[in-house]
Amino acid sequence: MSELRKDPVTGRWVIISTERRKRPSDFRLEPVHVSPDPACPFCEGHEHMTPRELLAYRRNGHAPNQPGWDLRVVPNQFPVLRVEGSLDRQGEGLFDKMNGIGAHEVIIETPKHQESLATIGEAAVEQVLWSFRERVQDLKQDRRFRYIIIFKNHGTAAGASLDHPHSQLIALPIVPREVRDEVDGARQHYASKERCVFCDLIRQDAADGRRLIAESADMIALAPYAPRFPFETWILPKRHQSLFEDAPRHEYASLARLLADILRRMNKALVSPPYNLLIHSAPLSEAVGEFYHWHVEIIPKLTKVAGFEWATGFYLNPTAPEEAAQVLKDAHP
Ligand SMILES: [Zn+2]
Ligand SMILES: [Zn+2]
Ligand SMILES: [Zn+2]
């Protein structure tokens with residue numbers, strides 16, 4: 001029997017299709033393999049191939065835009081939105097539009113082309129998270145921006161156009177739909193229960209244990225109750241906090257440790273899968289601090305979104321989260 005499940009945050013329904021029950025070996029796995037690339041613009045020594053850096057963590061005494069760095073943040077060479085100009089919103093009857101104001105940056109996570117977040121070491125992952133924080137703190141001074149999304153495409157199948165380990169940041173003049181759905185759902189839950197829905201689900205899943213993958217004193221990794229995709233994994237801070245960039249330093253260290261651990265488990269169980277990773281934090285300048293709770297979502301790319309999903313907005317997931325959690329729990333890196 002299949003099962004329909006409702007996500008407690010957004011109210012979105014999914015179908016967990018246990019009839020077509022899929023174990024890791026049943027997916028057509030496409031392992032991410034990275035070969036050296038002498039033309040890579042993100043490699044050390046190729047600093048002239050990117051726009052000038054916005055932020056860098058450098059070893060002692062090295063000048064900007066030169067070799068000698070551990071991490072660099074540069075503007076995207078082909079930005080989807082541009083920083084220059086004023087925000088201009090106009091409508092044509094039914095139709096609403098605004099000019100393409102925003103910021104689009106690339107975080108080059110390591111000078112080493114063939115490494116990944118799973119292999120660069122926890123201190124380096126912590127630096128990556130810290131750079132996200134620094135860029136968000138800087139960009140949120142700009143009142144034109146309503147939301148800053150940080151995401152990562154790992155592997156061509158997940159949308160990466162360059163192999164070199166990197167994440168992206170886009171500052172937007174609007175709050176994106178996915179976040180709006182989470183915020184609205186969390187507000188409703190708060191209105192009736194006076195509690196944060198994410199705190200509630202952390203409490204319930206920690207006690208229940210069936211969807212729990214790993215946890216530390218500060219962080220918890222779980223397979224959500226109604227996941228859209230097989231092996232979808234969320235990492236949440238246990239302490240209530242709405243903004244990623246306001247977390248205390250030790251929580252970035254804890255997140256780095258748990259994130260690297262989860263990625264290594266996925267590499268083992270799902271054979272180095274392509275994946276998308278994103279950070280959901282509260283919208284800027286909205287009073288949602290009581291009930292929104294920042295988190296990380298990791299979605300291995302194992303299935304394709306097909307006609308049924310496009311037609312209905314219902315996701316069909318062939319792997320129950322309890323099973324996914326067990327597989328990842330057992331995959332000791
Ligand atoms: Zn490279
Ligand atoms: Zn909370
Ligand atoms: Zn989310």
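Whatever order the structure lists ligands and atoms in, that order sets their numbers, starting from 1.
Residues E323 and T319 bring no donor and acceptor atom of their side chains to less than 3.5 Å of each other.
Closest approach between the Zn ion (ligand 3) and any N/O/S atom of E297 involves OE2. With respect to the Zn ion (ligand 2), H240 has ND1 as its nearest N, O or S atom. The closest approach of E182 to the Zn ion (ligand 3), by N/O/S atoms, is made by OE2. Nearest N/O/S atom of H280 relative to the Zn ion (ligand 3): this is ND1.
Checked against the 6.0 Å centroid threshold, F198 and H295 count as a close aromatic pair. Aromatic ring centres of W130 and Y252: separated by under 6.0 Å. Side-chain rings of Y275 and F229 stay apart, their centers remaining 6.0 Å or farther from each other.
Residue H46: no N/O/S atom is found under 2.8 Å from the Zn ion (ligand 1).
Expressed to the nearest 10°, the angle at the Zn ion (ligand 1) joining ND1 in H113 with ND1 in H164 is 110°. For the pair SG of C196 and ND1 of H293, the angle at the Zn ion (ligand 2) is about 110°; rounding is to 10 degrees.
Taking the charged nitrogens against the carboxylate oxygens, R5 and E322 do have a contact shorter than 4.0 Å, which makes a salt bridge.
Across all non-hydrogen atoms, the minimal contact from F42 to V106 is CZ-CG1, 3.7 Å.
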